[in-house]
Amino acid sequence: MFPDAVKNLHPLPRHVAVIMDGNGRWAQSQGRQRHFGHRAGVRSARALVEAAAEQQIQVLTLFAFSSENWKRPATEVDGLMRLFVEVLQREVDALHENGIQLRFIGARDTLPTILRKRMADAEARTAGNTRMTLVLAVAYGGHWDIVEAVRRVAAKVKSGHIEPGDIDEQLIQRHTALAGLPAPDLLIRTGGEKRISNFLLWDLAYTEFYFTPTLWPEFDTGRFREALEHYRSRQRRFGGVVPVREAVAGD
Ligand code: FPP
């Protein structure tokens with residue numbers, strides 16, 4: 001028999017969301033330019049995707065570029081856009097062969113045409129895959145997401161498809177960028193900051209947060225396992241008093 005401490009562990013999260021922070025500081029600590037850190041960050045992301053799929057995580061959402069990241073120097077932004085194009089070109093085959101579905105969230109119309117094309121191709125190619133959904137947030141902001149949802153709902157009211165009284169939480173959720181996916185159970189933020197930086201504001205209402213000082217390029221599978229163990233040891237009550245299991249409460 002398992003001791004109580006083990007019996008009471010929660011199942012693994014269905015949906016893990018990650019704010020990958022610390023590439024720039026890691027590069028600096030190596031005496032290199034920030035872009036060197038972003039390239040190392042891609043290797044960490046790749047390893048995490050593999051580890052998450054092995055752990056049977058259903059959805060992995062990575063914050064790759066925020067709506068605020070446009071404020072960075074043009075050379076860094078340009079380097080990141082090129083890096084995203086390169087990564088998609090290089091990795092989509094492997095993702096597809098491993099049964100991973102790719103989905104992008106964010107203000108696509110603000111992105112370079114070539115990147116938008118690669119994103120659309122990758123989504124179309126992997127649309128039928130069911131092992132894990134990898135959501136990449138690019139030019140994404142939580143405020144943007146809510147504004148978009150409100151616009152779409154308002155358009156439906158205007159066209160007479162729904163009445164204002166029909167608007168409830170489920171309806172709003174169905175119009176957000178993560179529509180159709182379970183809300184994140186666990187949010188990991190690397191790099192030492194303890195804030196959510198305009199990530200998934202609607203979706204993180206009951207998410208467990210895990211903050212680690214580890215810089216993103218050093219966040220390896222061992223660190224990921226630690227984050228999962230931490231999650232599993234927590235009690236999730238969703239505003240009630242009795243611990244609830246994710247399978248019921250996460251919906
Ligand atoms: C955070 O570090 C990193 C970013 C905002 C850039 C994007 C992330 C990657 C290149 C890794 C994964 C990529 C893909 C395509 C999945 P920072 O620059 O904010 O670091 P700092 O806080 O130390 O300055």
Side-chain angles (χ1 to χ4, degrees), residues 16-53 57 59-96 98 100-108 110-112 114-123 126 132-142 144 187-200 211-221 223-224:
V16 178
V18 187
I19 300 177
M20 309 175 287
D21 195 15
N23 291 348
R25 279 166 285 160
W26 180 83
Q28 210 172 15
S29 75
Q30 309 286 306
R32 305 293 294 263
Q33 300 289 317
R34 295 178 61 81
H35 194 66
F36 183 73
H38 294 320
R39 296 196 89 85
V42 171
R43 289 194 289 278
S44 276
R46 193 182 201 285
L48 178 64
V49 171
E50 280 178 25
I57 303 293
V59 186
L60 177 67
T61 298
L62 303 180
F63 204 3
F65 191 85
S66 78
S67 35
E68 287 72 36
N69 286 154
W70 294 113
K71 294 180 200 147
R72 293 188 177 202
T75 47
E76 181 171 350
V77 170
D78 191 46
L80 279 168
M81 295 300 143
R82 286 170 196 272
L83 185 61
F84 296 150
V85 171
E86 179 193 317
V87 169
L88 285 182
Q89 169 122 339
R90 200 179 58 219
E91 302 291 351
V92 170
D93 283 350
L95 290 168
H96 184 51
N98 283 284
I100 293 166
Q101 182 184 137
L102 256 175
R103 182 161 152 181
F104 295 91
I105 57 172
R108 289 185 201 218
T110 63
L111 294 170
I114 174 74
L115 178 55
R116 276 151 62 181
K117 176 161 178 15
R118 290 278 149 77
M119 287 160 63
D121 290 349
E123 282 180 328
T126 61
M132 184 176 86
T133 300
L134 173 61
V135 181
L136 293 180
V138 186
Y140 177 87
W144 166 86
L187 171 79
I188 298 171
R189 180 174 187 145
T190 63
E193 308 290 356
K194 294 194 173 83
R195 53 176 176 254
I196 57 171
S197 300
N198 197 19
F199 199 28
L200 305 171
F211 297 106
T212 169
T214 303
L215 301 176
W216 177 248
E218 290 176 342
F219 190 82
D220 57 16
T221 48
R223 304 275 186 195
F224 180 49

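All ligand and atom numbering here is 1-based and tracks the order in the structure. Given the structure is predicted, the values throughout are model-derived calculations rather than measurements.
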Is [X] touching ligand 1 with its side chain, its backbone, both, or neither, if touching means heavy atoms under 4.0 Å apart?
X: Arg72; answer: side chain
X: Phe84; answer: side chain
X: Leu80; answer: side chain
X: Arg39; answer: neither

Specify the protein heavy atom at minimum distance from [atom]: its residue, its atom name, and the distance to 0.1 Å.
atom: atom 23 (O) of ligand 1; answer: Arg25 N, 2.7 Å
atom: atom 22 (O) of ligand 1; answer: Asp21 OD1, 2.8 Å
atom: atom 12 (C) of ligand 1; answer: Met20 CE, 3.6 Å
atom: atom 13 (C) of ligand 1; answer: Val42 CG2, 3.9 Å
atom: atom 10 (C) of ligand 1; answer: His38 O, 3.4 Å

Donor-acceptor contact present, side-chain [X] to main-chain [Y], <3.5 Å:
X: Arg103; Y: Thr133; answer: no
X: Trp216; Y: Gly41; answer: yes
X: Ser44; Y: Pro217; answer: yes
X: Asn69; Y: Ser66; answer: yes
X: Asn98; Y: Ala94; answer: yes

Checking heavy-atom distances from atom 7 (C) of ligand 1 to each of Gly22, Gly41, Ala64, Gly192, the winner is Ala64
Just going by heavy-atom distances, which of Leu60, Ile19, Asn23 is nearest to atom 8 (C) of ligand 1?
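When every heavy atom of Leu60, Ile19, Asn23 is considered, Asn23 comes closest to atom 8 (C) of ligand 1.
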**Prompt:** Going by the atom numbers of ligand 1, which of them fall below 4.0 Å from some non-hydrogen atom of Asn69?
**Reply:**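 Answer, ordered by atom number: 5 (C).
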Under 3.5 Å, N or O to N or O, is [X] touching ligand 1 that way?
X: Trp26; answer: no
X: Arg34; answer: yes
X: Leu136; answer: no

Heavy atoms of Leu136 and Leu102 approach each other most closely as CD1-CD2, 3.9 Å
Between Ala51 and Phe224, the two heavy atoms sitting closest are CB-CD2, 3.9 Å
Exercise. So does Glu68 pair up with Arg195, basic N to acidic O under 4.0 Å?
Worked result: no
Point to revise | Arg90 and Glu86 ion-paired at < 4.0 Å | key: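 Between Glu86 and Arg90 there is a salt bridge, with a charged N closer than 4.0 Å to a carboxylate O.
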Can a side-chain donor-acceptor contact be found between Thr190 and Arg223 if the only test is distance below 3.5 angstrom?
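No - no donor-acceptor pair under 3.5 Å links their side chains.
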| query | Under 4.0 angstrom from ligand 1, any heavy atom of Arg46? | reply |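 It does not, in that no heavy atom of Arg46 comes within the 4.0 Å cut-off of ligand 1.
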